[in-house]
Amino acid sequence: MPELPEVETVRAGVEKHVVGRTVATAEVLNPRAVRRDLAGPDGFAAAMAGRTFLRAERRGKYLWFALDDGGAQPSRISQEDLGAQAEPPSEALLAHLGMSGQLLVGDPDRPLSPHVRARFTFADGGADLRFTDQRTFGHLMTVPLVYPDDKSRVVPEPIKHIAPDPLEDAFDPKDFAARLARKKTQVKRALLDQSLISGVGNIYADEALWRAKLHWARPTDTLKRSEVSRLLDAVRDVLTEALKAGGTSFDALYVNVNGESGYFDRSLNAYGREGEPCGRCATPIRRDSFMNRSSYSCPRCQK
DNA sequence: ACTCCCCCCTGTTAGC
DNA sequence: TGCTAACAGGGGGGAG
């Protein structure tokens with residue numbers, strides 16, 4: 001389900017409702033939810049107990065929450081340590097929502113839905129945090145925080161290969177253009193390649209290509225400089241507008257990932273609009289089969 | 001080293 | 001009404 005705007009909405013919700021709080025218990029209800037965590041379900045749950053959420057961060061479609069060390073400090077503190085600055089967090093809870101994942105914050109006594117895969121309660125006795133995921137493509141894991149090759153920013157070790165997303169400072173448009181030019185692939189595949197540019201999924205790829213008037217199958221090495229910058233502007237614009245317009249509803253006790261209502265009906269120009277008139281030229285939008293999915297485009301605007 | 005495709009799941013819906 | 005097939009917004013891993 002979620003692409004960058006939806007994941008950012010979730011990040012902001014967790015930041016507001018969970019950061020600063022200390023986990024009392026962690027429970028894994030479906031082991032698939034932590035399949036990438038080497039410690040397994042029990043190890044994951046044990047590792048999370050007693051940890052405090054320090055920050056809520058995001059790159060592309062990945063979320064992570066820096067954790068304190070859980071009170072595992074040495075019992076005797078040396079003079080050097082007393083004078084030293086506090087160590088930056090070295091570990092985090094990494095989350096990917098996959099196709100259907102949600103992070104929900106709410107009354108700890110509310111009924112457990114059948115799709116809850118993991119649950120965290122907090123030492124303050126307040127709202128709990130539930131990882132809900134119908135299709136179980138999403139996952140959680142505890143991970144070390146490291147510097148990626150570009151040293152731009154500390155990120156979880158397993159996502160070192162994920163490129164900066166176009167809304168973060170570390171994103172370098174020149175570097176993107178250079179790498180794009182070297183690729184031998186179609187422009188839509190490149191937009192979906194999270195190691196080249198992150199945060200864009202099938203919907204926003206189609207929307208950005210429509211805005212930039214580019215055909216999805218266009219070979220990347222034939223794109224002119226002006227076309228690349230047009231594309232990048234379109235990507236940034238559509239993500240930014242979706243973030244604003246799609247502001248998913250969540251109240252004090254609820255973080256909602258469902259961005260379908262509201263934004264989708266009003267603002268999509270291509271995605272899911274097969275047969276409907278193009279907003280620019282009224283030509284019916286066409287649907288092509290692409291990577292076992294769909295690609296929507298205007299046959300007239302996007303040659 | 002790169003690119004591409006399969007496949008991990010469950011639920012909904014269109015079509016017969 | 002009930003069955004089946006297609007499809008759904010992701011990404012890792014391995015084949016080529």
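All of these numbers come straight from a predicted model, not from anything done at the bench. In what follows, chains carry the letters A, B, and so on, assigned in the order in which the sequence lines appear, proteins first and then strands, with residues in each chain numbered from 1.
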Considering all heavy atoms, the nearest A/Y296-A/R273 contact |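 Smallest interatomic distance, heavy atoms only, reads CD2-N, 3.9 Å.
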Please measure how far the [atom1] atom in [N] lies from the corresponding atom in [M], and state the result in whole Å.
N: B/dC9; M: C/dG14; atom1: P; value: 16 Å
N: B/dT12; M: C/dG11; atom1: C1'; value: 23 Å
N: C/dA6; M: B/dC6; atom1: P; value: 14 Å

Once you round it to whole Å, what is the distance between [atom2] of [N] and [atom1] of [X]?
X: A/R189; N: C/dG11; atom1: CZ; atom2: C1'; answer: 14 Å
X: A/F290; N: C/dG11; atom1: CZ; atom2: C1'; answer: 14 Å
X: A/R135; N: B/dC9; atom1: CZ; atom2: C1'; answer: 7 Å
X: A/D193; N: B/dA1; atom1: CG; atom2: P; answer: 16 Å
X: A/L63; N: C/dG11; atom1: CG; atom2: P; answer: 12 Å
X: A/Q194; N: B/dT3; atom1: CD; atom2: P; answer: 15 Å
X: A/N292; N: C/dG12; atom1: CG; atom2: C1'; answer: 16 Å
X: A/I159; N: C/dG10; atom1: CD1; atom2: P; answer: 16 Å

5'-most by nearest nucleotide on DNA chain C - A/P158 or A/N202 = A/N202
Would you kindly compare A/Q134 and A/H139 by the position of their nearest DNA chain C nucleotide and give the one closer to the 5′ end?
->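 Residue closer to the 5' terminus by nearest nucleotide: A/Q134.
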Please state whether the phosphate of [N], meaning OP1 or OP2, lies under 4.0 angstrom from any side-chain nitrogen or oxygen of [X].
X: A/S294; N: C/dC7; result: no
X: A/Y204; N: C/dG10; result: no
X: A/T185; N: B/dC4; result: yes
X: A/K183; N: B/dC2; result: no
X: A/K184; N: B/dT3; result: no

dist A/E91:CD -> A/L145:CG (nearest 0.5 Å) comes out at 8.0 Å
Straight-line distance of A/T9 OG1 to A/L103 CG, nearest 0.5 Å =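 If I round to the nearest 0.5 Å, the distance is 12.5 Å.
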Taking for each residue the nucleotide of DNA chain B with the nearest heavy atom, is it A/F137 or A/Q186 whose nucleotide lies nearer the 5' end?
-> A/Q186
Side-chain donor or acceptor of A/R293 under 3.5 Å from a matching atom on the base of C/dA8?
-> no
Nucleotide nearest A/H115 (side chain, heavy atoms from C-beta), chosen from B/dG11, C/dG10, C/dG13 = B/dG11
Ignoring the backbone of A/R287, work out which of B/dC5, C/dC7, C/dG12 is nearest its side chain.
-> C/dC7
N/O donor-acceptor pair under 3.5 Å between A/T220 side chain and A/V187 backbone | no
Have a look at A/R32 and say if it touches a base, only the backbone sugar-phosphate, or nothing, with a 4.0 Å heavy-atom cut-off.
->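 Sugar-phosphate, no base atom in range.
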Classify the side-chain pair A/R230/A/S226 by whether it contains a donor and acceptor separated by less than 3.5 Å.
-> no
Between A/H96 and A/Y62, what is the ring plane arrangement, given parallel below 30°, perpendicular above 60°, and tilted in between?
-> perpendicular
Which base, if any, makes a Watson-Crick or G-U wobble pair with C/dG12, both distances under 3.5 Å?
-> B/dC6
